[in-house]
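Report on the structure given below.
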Amino acid sequence: MEERKGFRSYFGFLMAAVGSAVGLGNIWGFPFKMGKGGGFAFLLIYLVLAAVCGAVVMLGELALGRKTGQNAVTAYRAVSSRFGWVGALAPVTAMLILSFYSALGGYCIRYLVLNVGCLFGTEWGANGLSGATVFAEATADGGMAVVYGMIFMALTAVIVALGVRGGIERFCSVGMPLLMAMLAVIILRACTLPGAAAGLRFMFVPDFTPLREDFMGVLRTAGGQMFFSLSLAAGVMITYGSYTEKKQHLARSAVTIVLCDTAVGLLAGMAVLPAAFALGAPESAMQGPALLFITLQDVFSGMGQMGFVFGIIFYGLVILAALASSVSMLEVPVAYWTDRQRQKGDKKRRRWPAVLCLTVLSGALCAITCADGLGGNGVWVPFQRFFAGAEKIPAFCDCWLDFLDMLSEGLLMPLGALLTCVMIGWVIKPETIRAEVEQEDNRFKTYRFYRICVRYIAPAVIALILWGQIRAFFG
Ligand code: PHE
């Protein structure tokens, strides 16, 4: 059988994995969820969850991938006959996320174009309109949203089609350092705006009231955010793990990825929230799309010509982050497809037919999400009626984007993570992971802590998160 090519270097692997983790979830989800969950109190819960669940599941996935040298679907089958089916959840989760993620990525491209237009005074600029009007127009124009969503999907497809080394590794090795540099510029600008300090206070001054009032709610939000932000239970870390070499220390890699991801979440908060407060729109800090697409655009528009340069840098960095994540989602089913071809001894193995088919599939869902315009265009209504029998579903989400998000981040991810922990902790046993980490004379110093987490703590905590989600789901 032909050799299966992985990442060329450790740096490439790390940039790809961190690139997958760092995305819209950090730049936009993390800051506002942190603000809502009581600032430092939320951060504390998030850090504990990341240590006892996030890093544990991450290491399990990386090790599973590298041990089997296979894609997510067959990796589970290779180690356990009883849990083999769990692997099939991964590409489903990844494709669902990819579809709404690309819709949001499309909006970011639209805003990048808008700021370029503003800078050069062309008619596709904002033409002096407020962020709210621009956003209302962007969402109401379903056709245009679909076009931008498809551009984002096409970019994702091209990078993945270029291969693990020539596409994903190369893109992330250049893109991630560039992203950090751009983020530094935006943080400097945001934190020196008059009134910015209130934004930092909003993030870092602990307020324990949300914890006291609704502990389960905060746990649920922090838990969902953690799985999503760390790209867990979607097959990504298994797939990327299968592309790394035996000499790499997997436990250290897992911790590094978690730390980088959390750090970028905090840094993104320091870029976004001070700007929202400086503009005098603190309430937008609590909202999803409004923060990124209304408030920040107003901040840039209010700075004169230079503001549009910052706008271009900001939306450019969001697009970079989102692309490094979306390619990892698409790679999950593509890896399954190409591994099958390899197994069958297919000589004319090519990636692009797999990429094309899967992009079309996910693109169809993406087009529906874009056309729905975050619920404003009524594409969700027929489904809402359809689900009306299951009363609570329409109450829990009122647009396609929320529905897909709830299904993937809310249910499939915690479920997949829980089953993975149970499988590792009780069926294939944590020793299997230890043996994989300790390849080529590496030492797994925190093994005892890992063992307790994967057998008891992580399954209990994830089950609690999942239970919270299901309860919220059915009210
Ligand atoms: N981690 C990415 C983010 O924070 C999203 C993602 C989820 C990527 C699942 C891959 C798989 O935006």
Side-chain angles (χ1 to χ4, degrees), residues 15-34 46 49-50 54-55 57-58 61-62 65 71-72 89-105 107-108 152-153 156 159-160 168 171-172 175-176 179 183 221-241 254 257-269 272 288-289 292 317-335 358 362 366 401 404-417 420:
M15 287 303 104
V18 172
S20 169
V22 169
L24 294 171
N26 304 63
I27 297 178
W28 155 33
F30 192 82
F32 89 82
K33 285 180 192 167
M34 183 172 167
Y46 185 88
L49 284 182
V57 178
M58 170 88 63
E61 290 199 15
L62 289 174
N71 62 85
L89 295 178
V92 176
T93 310
M95 295 281 282
L96 284 176
I97 297 178
L98 179 62
S99 55
F100 72 82
Y101 209 81
S102 300
L104 293 168
Y107 284 125
C108 294
F152 185 88
M153 285 230 73
T156 306
I159 298 170
V160 175
I168 299 176
F171 175 77
C172 294
M176 294 323 284
L179 180 145
L183 191 56
T221 319
Q225 168 68 18
M226 178 197 67
F227 291 122
F228 188 80
S229 185
L230 293 176
S231 310
L232 297 175
V236 171
M237 293 303 160
I238 300 181
T239 312
Y240 281 6
I257 300 167
V258 173
L259 286 179
C260 287
D261 185 67
T262 312
V264 175
L266 287 172
L267 289 173
V272 171
L292 213 58
L317 88 85
V318 183
I319 294 168
L320 270 183
L323 274 175
S325 298
S326 62
V327 293
S328 72
M329 296 168 205
L330 185 56
E331 179 60 23
V332 172
V334 167
L358 293 159
S362 185
C366 170
L401 192 137
L404 294 172
D405 181 34
M406 182 192 71
L407 213 59
S408 49
E409 176 184 337
L411 296 177
L412 286 170
M413 282 183 150
L415 181 68
T420 306

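If you read the sequence from its start, that first residue is 1, and numbering goes on from there. Atoms within each ligand, like the ligands themselves, are counted from 1 in listed order.
Proximity of Met413 to ligand 1, defined as any heavy-atom pair under 4.0 Å, is confined to the side chain (atoms from C-beta onward). Looking at Phe228 against ligand 1, both its backbone and its side chain come within 4.0 Å, counting heavy atoms. Residue Ala94 does not touch ligand 1, judged by heavy-atom distances below 4.0 Å. Contacts of Ala21 with ligand 1, taken as heavy-atom pairs under 4.0 Å, involve the backbone alone.
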Run the numbers on Leu330 and Met153 for side chain to side chain contact (heavy atoms under 4.5 Å, CB included), then give the verdict. CA-CA 10 Å; Leu330 185 56; Met153 285 230 73; 5.9 Å; no
Would you check, one step at a time, whether the test side chain to side chain contact (heavy atoms under 4.5 Å, CB included) holds for Leu323 with Phe152? CA-CA 8 Å; Leu323 274 175; Phe152 185 88; 3.8 Å; yes
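In terms of N/O distances under 3.5 Å, ligand 1 is approached by Ser229. Looking at Gly25 next to ligand 1, an N or O pair under 3.5 Å apart turns up. Considering both main-chain and side-chain atoms, Ile97 never comes within under 3.5 Å of ligand 1 through any nitrogen or oxygen pair.
Proximity to Ser328 (heavy-atom distance under 4.0 Å) selects the following atoms of ligand 1: 10 (C). Interface of Val236 with ligand 1, defined as ligand atoms under 4.0 Å from a residue heavy atom, comprises 10 (C), 11 (C). Listed by number with element, the atoms of ligand 1 under 4.0 Å from a non-hydrogen atom of Leu24 are 12 (O).
Counting only heavy atoms of the protein, atom 10 (C) of ligand 1 lies nearest to Ser231 OG, 3.4 Å. Counting only heavy atoms of the protein, atom 2 (C) of ligand 1 lies nearest to Ser20 O, 3.3 Å. Remark: minimum distance from atom 12 (O) of ligand 1 to any protein heavy atom is reached at Tyr101 OH, 2.6 Å.
Checked by atom type and distance alone, the side chain of Glu331 never pairs as donor or acceptor with a backbone atom of Val160 at under 3.5 Å. Of the possible donor and acceptor atoms, none in the side chain of Ser325 sits under 3.5 Å from a partner among the backbone N and O of Leu24. Remark: the backbone N or O of Gly416 is paired with a side-chain donor or acceptor of Thr420 at under 3.5 angstrom.
Residue Thr262 holds its OG1 atom at 8.0 Å from CG of Asn26, rounded to the nearest 0.5 Å. The structure places CG of Leu104 at 5.0 Å from CG of Leu401, a figure rounded to the nearest 0.5 Å.
Looking at residues two or more places apart in sequence or on another chain, you find a ring pair (Phe, Tyr, Trp, His ring centres under 6.0 Å) between Tyr46 and Phe30.
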Kindly list each side-chain donor-acceptor pair under 3.5 angstrom involving residues 230-239, sequence neighbours excluded, with atom names and distances?
from	atom 1	to	atom 2	distance (Å)
Ser231	OG	Ser20	O	3.1
Ser231	OG	Ser20	OG	2.9
Thr239	OG1	Gly235	O	2.6

